[in-house]
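To start, the structure under review is shown below, and the notes come after it.
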Amino acid sequence: MLVQNLAVLVLAGFVGYLVISKVPTTLHTPLMSGTNAIHGIVLLGGLVVLGLGTEGVLNKILLVLAIAFGTINVVGGFLVTDRMLAMFKRRPESQGDGASSRGDRS
């Protein structure tokens with residue numbers, strides 16, 4: 001059973017690397033934004049499993065570490081997404097007499 005689980009983990013990592021490496025760099029941030037929703041569901045599942053109780057101290061420690069790293073990933077993803085969306089907002093125009101912005105010199 002351990003060998004099968006390890007094989008699935010290695011294959012999932014390999015497939016994930018291949019999929020992400022084929023994505024153009026301009027799409028990495030939107031892709032990360034979409035995966036935040038999925039990772040939030042995974043985080044909720046981890047909290048449910050921790051709340052229902054697990055056997056063994058090692059399992060609890062690994063679960064708490066997974067929840068902590070998942071939380072860091074979700075928060076960081078939302079910060080990056082917010083920063084990306086801020087790039088598309090219009091900047092307020094300066095409120096002057098307008099002469100300097102048109103290039104008029106009197």
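Atom set for the values below is all heavy atoms of this structure, side chains included, hydrogens, waters and symmetry mates excluded.
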Item to check | Rounded distance (nearest 0.5 Å) linking atom CD1 of Ile67 with atom CG of Leu62 | outcome: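 If I round to the nearest 0.5 Å, the distance is 11.0 Å.
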Item to check | Reported CG-to-CG distance for the pair Leu47 and Leu63, which is rounded to 0.5 angstrom | outcome: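 The distance works out to 8.0 Å.
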Item to check | Cluster overlap Phe78 with Ile41, hydrophobic side-chain contacts below 4.5 Å | outcome: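 No, separate clusters.
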Checklist entry - Between Val49 and Leu44, is there a shared hydrophobic cluster once you connect ILVMFWY residues whose side-chain heavy atoms come closer than 4.5 Å? => result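 In one cluster: no.
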Checklist entry - Are any non-hydrogen side-chain atoms of Asn5 and Leu9 less than 4.5 angstrom apart? => result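 Not touching, per the 4.5 Å side-chain cut-off.
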